[in-house]
2 protein chains.
Amino acid sequence: MEAGDKRQVRATITDVAARSGTSIKTVSRVFNDEPFVRPETRRRVLEAAAALDYHPNMAARSLVRGRSFLIGLFYENPSPNYVVDLQTGALDRLHDERYRLLLFPCENARAVSGRLLQLARTSGLEGIVLAPPLGDDPQTVRDLVEARMPFVRIAPTTALDASPTVGIDDGAAAREMTDHLLSLGHRRIAFVQGDPDHPSNSQRLDGFRGAMQAAGATVDERLIEQGRYTFESGLAAGRRIFADRQRPTAVFAANDDMAAGVVVAAKEAGLDVPGHVSVAGFDDSLISRVTWPQLTTIHQPTYDMAHAATDALLALIEKRPLTPAIRLQHQLLVRGSTTRTASL
Amino acid sequence: MEAGDKRQVRATITDVAARSGTSIKTVSRVFNDEPFVRPETRRRVLEAAAALDYHPNMAARSLVRGRSFLIGLFYENPSPNYVVDLQTGALDRLHDERYRLLLFPCENARAVSGRLLQLARTSGLEGIVLAPPLGDDPQTVRDLVEARMPFVRIAPTTALDASPTVGIDDGAAAREMTDHLLSLGHRRIAFVQGDPDHPSNSQRLDGFRGAMQAAGATVDERLIEQGRYTFESGLAAGRRIFADRQRPTAVFAANDDMAAGVVVAAKEAGLDVPGHVSVAGFDDSLISRVTWPQLTTIHQPTYDMAHAATDALLALIEKRPLTPAIRLQHQLLVRGSTTRTASL
DNA sequence: TTGTAAGCGTTATCAA
DNA sequence: TTGATAACGCTTACAA
């Protein structure tokens, strides 16, 4: 009866050793693909393991190796599309690795500032991926560097330290989009900013201003609206923009969620997109294909960035060589929401 | 110099005991909020811990307690909005608990069938939340039950076992939506099915048929289209529906993503929504508010379901009493995409 | 109220 | 090619 009672309990390495007539060290060797195990011995061990439904205990492994194989993804939650892309990129890189991903959705960068390291510590993380704008918080970066916690920043703007970095050239992309609108004859263009704390936002705004200036077009400051990267904030900004009698002929929003909001605001105001007003977004998130017309936007390879960031993080953790600053390609996607201005 | 070298290494309970002039057991007591520690002693311990930047080693804790405090969320990836709602619900419930959430996005239910238990084992999970349709895979459920792995199923349809369950009444909700369309005068109504493997789909279809029958309206089988719960599949279904000369006056899609696709298909076909055709969705995901017009839909409390499921799972793990089958309330949300039929 | 000693299930050392 | 045995950092009896 005593042996029978064991059934509920998870088999351990000792059980496998006993059943296979070997030692725990040999079983360990088999399960860690170490050399110098006779094929016959290996077979016996695996057989016993299968019979006992043995799985190595992660906690014990972690303890003795001094490693958790846990990495953390820290992000704010601007749009679900973006978040899922981020997660999927990281998870896909982790596939076939023994590492596991822990999620840390943060209310906002300020709330975790100074607390992030502690969170990582208590969770036993071995490394961290910081999605924007968390990678631009000086306190956080300082803490991590000081604690020698490996981390990689996605799309940061500030060069706060020597930690690896993955991103696109937001400024250049915004310039490209603005040039696109200018080439369609638009001169009176509104810009909807995202969260002022996201440095991507100021880069995009700068790109917009730069392109306008280069083309000799005036930027009407009353047409620079403040949003927060959410659909709702874009809707509100759009309503403000279209309430004015001096309407712009085009609106460039700093991300797709806001651009979708602008489109809805336009329709509320009885305006046709792109007939009366062209609307452009940024990110190429799912939402840009779901609105009607579909949004002209900048494809930002969120998935690839998360993938590359995770890849760099693993290299960092395992002390393999890596590229300190990876810059991925963006792409202008012209779709139905922008067209030649009617006033031409 | 030897003491100095220690700086890199993480402090252990022994270090804290030494520095505070106590024993490791006392330090352990302090960090586990056990009673019978003199306030003065507690202070000294905490002081030493702070000075050494001590954080308990999770692996060691897990090992000795025989617990990992890891729970897994398994889901397919129909729509990012749904996934994020799910995650947020689970994470919010876990907030302030020592449990951590591990993500397991699955390609499809069949791919993990038979492999899910092993995944859970090697990850050291203590419990599992199964999002639809994973909770309806007999093999998976059988494996988990047999292995005595605690799990909770979200929105399952099949009563495969006695594991706790959280969901809404999909059939009743679909009936309500159909009644809504009928009450607007629609009789020729198309239905876009979701993934045939999701049991929620058949329940919604049954609800649709039931309501139509009860109202004495005929269901034209050629208007029952097959989709896969994705935006693209809804778009394709919509194109097929509107290509026919005998157009319906309303389309009821089994989820919002597909309904959004139908709306785009309608616009492609030069049809006004809801002027020429009413479109209804299901789920109240973000996308339903992003299309224009906004979608009439069924609010499915995804967040609440994940929250409740996680809550039940913790109860299960900790052997606390729990409600075996939680049924949450849905809600019909009438928005701009449905209106009285013109033919009336 | 505090401390000693014995594990928890692995991997690493080193001898066989 | 294998196996005793000692860690790893913590919690849990059990004493004191």
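Proteins come first, then strands; the chains are lettered A, B, ... in the order of their sequence lines, and each starts at number 1.
- OP1 and OP2 of C:dT2 both lie 4.0 Å or more from every side-chain N or O belonging to B:T26.
- In the helix from C:dT1-D:dA16 to C:dA16-D:dT1, the terminal helix axes, each the rotation mapping four pairs' C1' atoms onto the next four within five end pairs, subtend 30°, rounded to 10°.
- Of the residues listed (A:V16, A:V30, A:V45), the one engaging A:T22 in a side chain to side chain contact (heavy atoms under 4.5 Å, CB included) is A:V45, and it is the only one.
- In terms of the salt bridge (charged side-chain N to carboxylate O under 4.0 Å, His left out) criterion, residue partners of A:D195 (sequence neighbours excluded) are, by chain and number, A:R228.
- Evaluation of the side-chain contact (heavy atoms from CB on, under 4.5 Å) rule for B:D85 yields B:T302 as partners, not counting sequence neighbours.
- Annotation: side-chain contact (heavy atoms from CB on, under 4.5 Å) contacts of B:A18 (sequence neighbours excluded): none.
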Taking distance alone, no hydrogens or angles, what donor-acceptor pairs closer than 3.5 Å link side-chain atoms of residues 313-320 of chain A to residues at least two apart or in another chain?
{"from": "A:E318", "atom 1": "OE1", "to": "A:R320", "atom 2": "NE", "distance (Å)": "3.0"}
{"from": "A:E318", "atom 1": "OE1", "to": "A:R320", "atom 2": "NH2", "distance (Å)": "2.8"}
{"from": "A:E318", "atom 1": "OE2", "to": "A:Y99", "atom 2": "OH", "distance (Å)": "2.8"}

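- Annotation: side-chain contact (heavy atoms from CB on, under 4.5 Å) contacts of A:R327 (sequence neighbours excluded): A:D169.
- Within residues 41-53 of chain A, no residue approaches DNA chain C, by heavy-atom distance under 4.0 Å.
- The salt bridge (charged side-chain N to carboxylate O under 4.0 Å, His left out) test applied to B:R121 returns A:D53, not counting sequence neighbours.
- At C:dG9, none of the side-chain N or O atoms of A:T12 fall inside 4.0 Å of OP1 or OP2 (strictly under the cut-off).
- Here B:R43 pairs with B:E40, B:E47 under the salt bridge (charged side-chain N to carboxylate O under 4.0 Å, His left out) rule; sequence neighbours left out.
- In this structure, B:S62 reaches neither bases nor backbone, as no heavy-atom distance under 4.0 Å exists between it and the strands shown.
- Side-chain rings of B:Y54 and B:F31 approach one another, their centers coming within less than 6.0 Å.
- In this view, A:S62 and B:A59 satisfy the side-chain contact (heavy atoms from CB on, under 4.5 Å) rule, not counting sequence neighbours.
- The side chain to side chain donor-acceptor pair (under 3.5 Å) test applied to B:T41 returns no partner, not counting sequence neighbours.
- Distance CG (A:D15) to C1' (C:dT10): 13 Å, rounded to an integer number of Å.
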- Note on the structure: A correct 5'-to-3' footprint of nucleotides 11-16 of chain D, with B, S and - meaning base, sugar-phosphate only and no protein heavy atom under 4.0 Å, is BBB---

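- Along DNA chain C, the nucleotide nearest B:L63 and the nucleotide nearest B:G21 are compared for position; the residue whose nucleotide lies closer to the 5' end is B:G21.
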